[in-house]
Protein chains: 2
Amino acid sequence: MSSKGYACWLEYELASRAAKQAAREWGREIVMDESPQQGPLQTAVNELTIGLEAIIGQRPSIVKDSGQHRHIVVGTSRSPLVALMLTENELEGIGAEGYRIKTVHTTNREAIVLAGGSSKGCLYGVFHLLRLLLTGAALDCLDITEQPKYQLRMINHWDNMDGSIERGYAGRSFLFRNNEVLAGSQRIRDYARLMASIGINGIAINNVNVHKYETLLVTEPYLPLVAVVADVFREYGIRLFLSVNYASPLELGETTTADPLDESVAAWWKTTAENVYRYIPDFGGFVVKADSENRPGPFTYGRDHADGANMLAEALKPYGGLVMWRCFVYNCHQDWRDRLTDRARAAYDHFKPLDGRFMDNVVLQIKNGPMDFQVLEPVSPLFGAMERTNQIMEFQITQEYTGHQIDVCYLIPQWKEILEFDTYMKGKGSTIKEIAAGTVHPYVHCGITAVTNVGDDANWTGHHLAQANLYGYGRLIWNPELTAEEIINEWVLLTFGDNPDVAKTITDILMTSWPTYENYTAPLGVGWMVRPHLHYGVDVDGYEYSKWGTYHFADHTGIGVDRTIGTGTGYTGQYGKTNAELYEGLNTCPDKLLLFFHHVPYTHSLQTGKTVIQHIYDTHFAGVEQVEQWIVRWQELEGKMDAERFVHIAGRLDLQLDNAKQWRDVINTYFYRKSGIYDQGQRVIYV
Amino acid sequence: MSSKGYACWLEYELASRAAKQAAREWGREIVMDESPQQGPLQTAVNELTIGLEAIIGQRPSIVKDSGQHRHIVVGTSRSPLVALMLTENELEGIGAEGYRIKTVHTTNREAIVLAGGSSKGCLYGVFHLLRLLLTGAALDCLDITEQPKYQLRMINHWDNMDGSIERGYAGRSFLFRNNEVLAGSQRIRDYARLMASIGINGIAINNVNVHKYETLLVTEPYLPLVAVVADVFREYGIRLFLSVNYASPLELGETTTADPLDESVAAWWKTTAENVYRYIPDFGGFVVKADSENRPGPFTYGRDHADGANMLAEALKPYGGLVMWRCFVYNCHQDWRDRLTDRARAAYDHFKPLDGRFMDNVVLQIKNGPMDFQVLEPVSPLFGAMERTNQIMEFQITQEYTGHQIDVCYLIPQWKEILEFDTYMKGKGSTIKEIAAGTVHPYVHCGITAVTNVGDDANWTGHHLAQANLYGYGRLIWNPELTAEEIINEWVLLTFGDNPDVAKTITDILMTSWPTYENYTAPLGVGWMVRPHLHYGVDVDGYEYSKWGTYHFADHTGIGVDRTIGTGTGYTGQYGKTNAELYEGLNTCPDKLLLFFHHVPYTHSLQTGKTVIQHIYDTHFAGVEQVEQWIVRWQELEGKMDAERFVHIAGRLDLQLDNAKQWRDVINTYFYRKSGIYDQGQRVIYV
């Protein structure tokens, strides 16, 4: 098995001639006056050493005082050396995870000073400095201050202990196998390094659906091994979280109930938390999926989610642990005949009334949309709607509904669109971006998390281009002002080197990939026309008569879900006034979400002037044509990049084309058969 | 676990007072002058003894000369005693598997004489005599001669060696577990007895999809254990067959090809056959699914099915073994966009041209319909179309497409309809019934087989009422002149006893069950509106855009598959002239198969005068109402039968009602949404 792509964006051997030259000039000596033993500062120095050695071809010296004209100074804001190089002013307000990188010129010496707000700040700064080197920044006039926008920058694994990964498309788990924790593996260390390099500071290692063996992770037989993983994470500035089974004490036979108000239950969790912190002093906390998709929860005992979350929060509070309480709670036994119940309403309806009842170490974890990670859906109205309750936004990096890492779908533009969405909760500018940062409502804990897309495939993510989503996620939640293009530009250079044709083609494919996937799949925000359970490939009616609450209601005259206050389920009313009015109005509702909010005739005119049916036909033909063009473009890269990745990606593009054609033809045939309306372009639709 | 129902129709404890009285009068002594050691005659005497003892409460004596006024004489036609009691004339033409049962009155003695054409005839006769006793026949004037209509009366198991059963709905396999043969179990003996009691004389014990371990069944590690099963079968007059992997020698690494014309391949099979017959001298032969649904076959080597089948037949020929060569060969990677390819045509197109090329110990095994065991489809046009090629008809007892033994569906009426179908191959009367008996074309081997519905559930078949299909299958292929009602009447009495309310309700439910299942599922013979792979529950478009060749082509104006010669796929032309014309004509084609043969508007008038769409609505409402009525009727049986089976069946009926309602509502909504035509009855259709 080849391992091309294993280093991801830390592939220093790709360094350009210019980068090598710059590294030789500046990077022969690292100057420090602190003596790290272990932990992020030690890791920072190691990573800088590794990076420079790989680029220069020679190991840099670590010295207390440099003999070189040009050198690099690394230290925390407590370092006397750093204090000597930068003014107090220049160090002010960096923040514990922030850093300053400045080129300082003195009489006969020049130094790049990397000052971290703490040892973690140094670690993040080192990866930044290496990026600057590799992307050809001018090193003689650096002056950069960075700190992350979000406090919690998390990753959720949906790994099961049997080694499977729920919604994983990149092989098996590298964290678990045969119901054992793979503690001590080099791969876990390499993974922590990758995550630190993009600023991740918390990782929940197991699936939110917690089964038999996973329930035991918080108990003695497994804790020592989990602690080994946490020890590795800690060196990279990452806190380990565990998903827990809400009914653990009951299922383990330690209590006779899982009622959150029962003393024996609370006591069990307190003891359990105490024990967890004995093994993992910086343990992040619990992720909980309760009362959701047949998982147990407080509802079983007539309690509400505040009761449930607070009981766990009480146990973790003394140690600074958090409860990440997922809001993906809805009726998964809905009757499709019932047009009044609306799954989109569920999270808001369940949680909004509980605002103010949660302890301050509870964080509600809210999926970005009200349904479930569709290629396009509106932003969850629950986000920002609770002033007195901590919230974290949950994205999905793994491409469950967006192509299974067979199809290319670069998700940063989707996440940016969500982050820029203005809720108007406290007037204009109350964007998701700001809410998640705690600047709209003063949340104690907040940030962003995402379900990851990695597995034990040699290249981590299955599709080589899916690495861009993982990289981009980290970069974006460090700094949401980065554009999708900026992120790609960095990533391509770091991952594929500086061939301009390669960079241009990959950038063009990635930047057009989300709209392309949207084009050839479910139209106008209606979603869910996928093969049930699998969630790859088209099945227009696959979920139409099911219990999952995910319908499109297409008939011979029209399609869409009426979620208006006026005539529908009233879901639009869960938004603030501005957005509620926007979505409520048939003519103001954005085209791309039209069928999410309205049931309209096929002949309804969109804002583009096209009818709905013609839009469906046009986008589905366009989607396939786009993939065909990518394939032509990709073939032109032959010989311009490594053969391994060239062939791999070419193969995936062929599979994507098959998928896109099947989508196009099924969707077009389905709607032609149903509506009887011909394509104005008279293209091939199989009747 | 209770075992109510384990004895099935051999539950002698249900004998009525009159039956007990009759048994006491006649059954205290069994007179024989043959001394069986082992084999069917010994089994026959044992079974008669067991039966009489259970009914009388006292073990009958086996004597050479009776001291009783009334007694039973048992013997083969070679028995001097039998020759004394019956004239040569009376014994003539019984046939090896037949028997004569006659009450003979002499001066001061009366004897029921059971004369078997062979020891197997005696065995079948004993079960018949016991049935007569239990169903209250007048024993003093018996005069019955029976012989089976069909030479091959087979059962196919789709059991896998891991213990799973493909399309099994009654638990796990009782033949295999953990990749081992469960040789020597009492359950296998009990099963052989049940099968002998309904006249089965051949059983293929493993799935036609032959996987890794099953490939080894014809080889040394497993043959000794298979032989143990065959030994038990032999005592009950049953020959054991095995399904084989066409590519066995290749997959076992014994040859470098599976080309049927390659000498090493033929030699391997010859050695293998020799070895099989060393262990099992009366081994029945091989069942082969080749070139079908991704199974290997001769096509891989550019050979045809005659080449493949004959190579195996050559190996079995010296020992009297048969090759049951399945004709379920079609393109399972069809493109739904291609309207010219028609899966229904496949078997005929593949095999008809090969007529005359097969050896006389090859038997083509042909599914009853051209598609795959749908609730309703036409009879396969291949059956009877090959004058010089042995054929066996394959039915499906296991309810793959007919309710998974959750829903009641008594299949005898379906099979009778098929058997009575007149092909007109050699003029009127060329029915399937006669073709399968070899009386239309002079087949050397022919008969009927079926995929069974048994597993290790306590009652064998999951649903207690599904036992009726197993019983009825055996009875029907012994004597296809029995009506569906006659079979039920026997079965109910033998299985549930003589409470008239119980008998009436069960009979009514069973007799209405097939049309009811048809009513609430796919309409007018179109089929396939089931959940893919699972085949239970409704999914109208589930197979519509798939590779399986199973489409309905419903659009906003109409539905159905045009298989006419005039404008369609030409499938109708595979039938003889009479049937071809019948199906070809829009107005002559029977309503119930209309959509199998024609694409028609929803407003097309059926022969009933109803439109297609109104027929769809009416039948789907009627189907659910029928199940509701059954439930009312069933509840009235409380206290009139054992509580265990009462509760079990009541539970299944509730599940069936859920299923029927989901079918009704989805089908009605689907077609309303598509057609926009209202139900004339203005009943509830969810729009």
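The basis for the numbers below is simple: all heavy atoms, side chains too, and nothing from hydrogens, waters or symmetry mates.
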- Hey, mind stepping through B:Val666 and A:Asp541 against side-chain contact (heavy atoms from CB on, under 4.5 Å) and telling me if it holds? CA-CA 11 Å; B:Val666 171; A:Asp541 279 358; over 6 Å; no

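- Around CZ of B:Arg295, the count of heavy atoms belonging to other residues, nucleotides or ligands within 6.0 Å exceeds 12.
- With a 6.0 Å radius and a threshold of 12 heavy atoms from other residues, nucleotides or ligands, B:Tyr213 has its OH atom at or below the threshold.
- The two residues B:Thr669 and A:Tyr545 come nearest to each other via the heavy atoms CG2-CE2, 3.8 Å.
- Of all non-hydrogen atoms in B:Tyr672 and A:His556, the two that sit nearest each other are O-ND1, 3.9 Å.
- Contact annotation for A:Gln662: both backbone and side-chain heavy atoms come within less than 4.5 Å of a heavy atom of chain B.
- At a 4.5 Å heavy-atom cutoff, the contact between A:Asp665 and chain B is made by backbone and side-chain atoms alike.
- A distance of 6.0 Å separates OH of B:Tyr670 from NZ of A:Lys674, quoted to the nearest 0.5 Å.
- For B:Arg339, the part lying under 4.5 angstrom from a heavy atom of chain A is the side chain only.
- Annotation for B:Arg683: atom CZ counts as buried by contact number, over 12 foreign heavy atoms lying within 6.0 Å.
- In this structure, NZ in A:Lys661 is found 8.5 Å from CZ in B:Arg337, a value given to the nearest 0.5 Å.
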